[in-house]
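Just so it is clear, the structure is predicted and the values come from calculations on it, not from any experiment.
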Amino acid sequence: MLAIGQPAPAFEAESTLGPVRLNDSLGQQPIVLIFYPKDETPICTKQLCAVRDSKSQYARFNALVLGINPGTMEEHQRFSQKYAYDFPLVSDKDERIRELYDVGKVFLLGQQRIVYVINREGKIVYAKKGNRPTKEILAALAD
């Protein structure tokens, strides 16, 4: 995992809502990166539904929230439509973003589950493994 205080690495990738260029948001708004193992699994679905259901809370901070895993755009589109996710799911099919953010791999499960919060200055202010509670992520945005 990257350490708190480090500058967030920029990347460009395709998402369910079009191309994402992190440089367009770094230094402009807070960003939440949710690295999750796989679409259509119970914990991943619960984690991303919590983001969807907390849209207004994230909007108070003008936060950009991105879900990221190595799934294909087709898989992400189906998953996003099925659960009405209104935030981008990023396809990291070459696992370049996972490597930039030092997200490890778990045998048989794919990548680890990690949440990063990046402040308006483009620095990582929160980095934790697991399915983090919305309240905890929002508290990191408020700092």
Side-chain angles (χ1 to χ4, degrees), residues 1-4 6-141:
M1 275 180 22
L2 298 181
I4 290 174
Q6 279 188 262
F11 61 83
E12 293 184 18
E14 289 301 314
S15 85
T16 51
L17 297 180
V20 170
R21 288 175 291 284
L22 206 63
N23 261 343
D24 293 347
S25 298
L26 284 171
Q28 305 296 314
Q29 68 186 120
I31 302 164
V32 178
L33 302 180
I34 300 173
F35 288 88
Y36 67 102
K38 190 160 175 48
D39 296 346
E40 297 289 351
T41 58
I43 295 172
C44 296
T45 301
K46 179 180 177 182
Q47 183 177 27
L48 297 180
C49 283
V51 172
R52 177 201 63 204
D53 296 345
S54 303
K55 178 183 180 176
S56 64
Q57 294 173 292
Y58 286 104
R60 279 192 242 140
F61 298 100
N62 188 33
L64 170 64
V65 180
L66 302 173
I68 304 169
N69 83 15
T72 67
M73 283 307 303
E74 293 78 21
E75 290 168 330
H76 284 347
Q77 289 290 1
R78 277 194 305 274
F79 186 44
S80 183
Q81 289 170 0
K82 181 176 181 179
Y83 294 98
Y85 297 145
D86 51 3
F87 56 93
L89 298 184
V90 174
S91 177
D92 185 25
K93 61 183 177 280
D94 60 3
E95 300 190 40
R96 187 178 49 82
I97 303 168
R98 178 188 68 75
E99 290 171 3
L100 278 173
Y101 280 84
D102 198 20
V103 174
K105 293 193 85 162
V106 179
F107 182 67
L108 294 177
L109 295 177
Q111 72 184 17
Q112 289 180 322
R113 184 183 310 280
I114 295 178
V115 176
Y116 285 105
V117 175
I118 302 163
N119 69 10
R120 291 182 195 279
E121 288 75 45
K123 303 268 190 210
I124 294 171
V125 294
Y126 176 95
K128 292 198 177 178
K129 294 180 181 178
N131 181 6
R132 310 313 307 172
T134 301
K135 188 169 143 179
E136 193 175 290
I137 298 167
L138 293 170
L141 286 167

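Crowding of Ile43 atom CD1: a count of heavy atoms from other residues, nucleotides or ligands under 6.0 Å not exceeding 12.
Nearest heavy-atom pair, Pro88 versus Leu17, reported as atom, atom and distance to 0.1 Å: N-CD1, 3.7 Å. Residues Gly130 and Val115 share a closest heavy-atom pair of O-CG2, 4.1 Å. Shown here for Asn69 and Gly71, the closest heavy-atom pair between the two residues is OD1-N, 2.6 Å. Smallest separation of non-hydrogen atoms from Val117 and Ala140: CG2-CB, 4.1 Å.
Between atom CG of residue Asn62 and atom CD of residue Gln28 there is a gap of 10.0 Å, rounded to the nearest 0.5 Å. Rounding to the nearest 0.5 angstrom, the gap separating the CG atom in Leu64 from the CG atom in Leu22 is 7.0 Å. Atom CZ of residue Arg96 and atom CD of residue Glu12 lie 8.0 Å apart, to the nearest 0.5 angstrom. In this structure, the separation between CZ on Arg60 and OG on Ser54 is 9.5 Å, given to the nearest 0.5 Å. The distance from the CD1 atom of Ile114 to the CG atom of Asn131 is 13.0 Å, given to the nearest 0.5 Å. Interatomic distance, Arg120 CZ to Leu26 CG, rounded to the nearest 0.5 Å: 13.0 Å.
Evaluation of the side-chain contact (heavy atoms from CB on, under 4.5 Å) rule for Pro133 yields Glu136 as partners, not counting sequence neighbours. Annotation: side chain to side chain donor-acceptor pair (under 3.5 Å) contacts of Ser25 (sequence neighbours excluded): Gln29. Partners of Glu95 by salt bridge (charged side-chain N to carboxylate O under 4.0 Å, His left out), not counting sequence neighbours, listed by chain and number: Arg98, Lys105.
The closest donor-acceptor contact from the side chain of Asn119 to the backbone of Val125 lies at 3.5 Å or more, if one exists at all. In terms of modelled atom types and a separation under 3.5 Å, the side chain of Ser91 and the main chain of Ser15 share no donor-acceptor contact. Although no hydrogens or angles enter the test, the distance criterion places no donor-acceptor pair under 3.5 Å between the side chain of Tyr116 and the main chain of Ala8. Between the Asp102 side chain and the Met1 main chain, a donor and an acceptor come within less than 3.5 Å of each other.
Val103 places none of its side-chain heavy atoms less than 4.5 Å from the side chain of Ile68. Side-chain contact between Thr134 and Tyr58 is present, with at least one heavy-atom pair separated by less than 4.5 Å. Within the 4.5 Å cutoff, no side-chain heavy atoms of Thr41 are placed close to those of Tyr36. Between Phe79 and Thr16 the shortest side-chain heavy-atom distance does not fall below 4.5 Å. Side-chain atoms of Arg113 and Pro37, non-hydrogen and from C-beta on, do get closer than 4.5 Å to each other. Using a 4.5 Å heavy-atom cutoff, the side chains of Lys55 and Phe87 are not in contact. Leu2 has its side chain within reach of Pro9: a pair of non-hydrogen atoms, C-beta onward, lies under 4.5 Å apart. Counting heavy atoms from C-beta on, the side chains of Lys93 and Thr72 never come closer than 4.5 Å.
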Task: Steps toward side chain to side chain contact (heavy atoms under 4.5 Å, CB included) verdict (Phe35, Ile97) - done: CA-CA 10 Å; Phe35 288 88; Ile97 303 168; 3.8 Å; yes
TODO: Begin from the C-alpha positions of Leu48 and Leu89 and carry the test side chain to side chain contact (heavy atoms under 4.5 Å, CB included) through to its verdict.
DONE: CA-CA 10 Å; Leu48 297 180; Leu89 298 184; 3.9 Å; yes
- [ ] Kindly determine whether Leu138 and Phe61 satisfy side chain to side chain contact (heavy atoms under 4.5 Å, CB included), including the steps that lead there.
- [x] CA-CA 9 Å; Leu138 293 170; Phe61 298 100; 4.0 Å; yes
TODO: Using the side chain to side chain contact (heavy atoms under 4.5 Å, CB included) rule, take Val65 and Ile137 through it: C-alpha gap first, then chi angles, then the decisive distance, then the call.
DONE: CA-CA 11 Å; Val65 180; Ile137 298 167; over 6 Å; no
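With respect to Asp39, the side chain to side chain donor-acceptor pair (under 3.5 Å) criterion is satisfied by exactly one of Gln77, Arg78, His76: His76.
Ring pair Tyr101/Phe11 is perpendicular by interplanar angle, where above 60° counts as perpendicular and below 30° as parallel.
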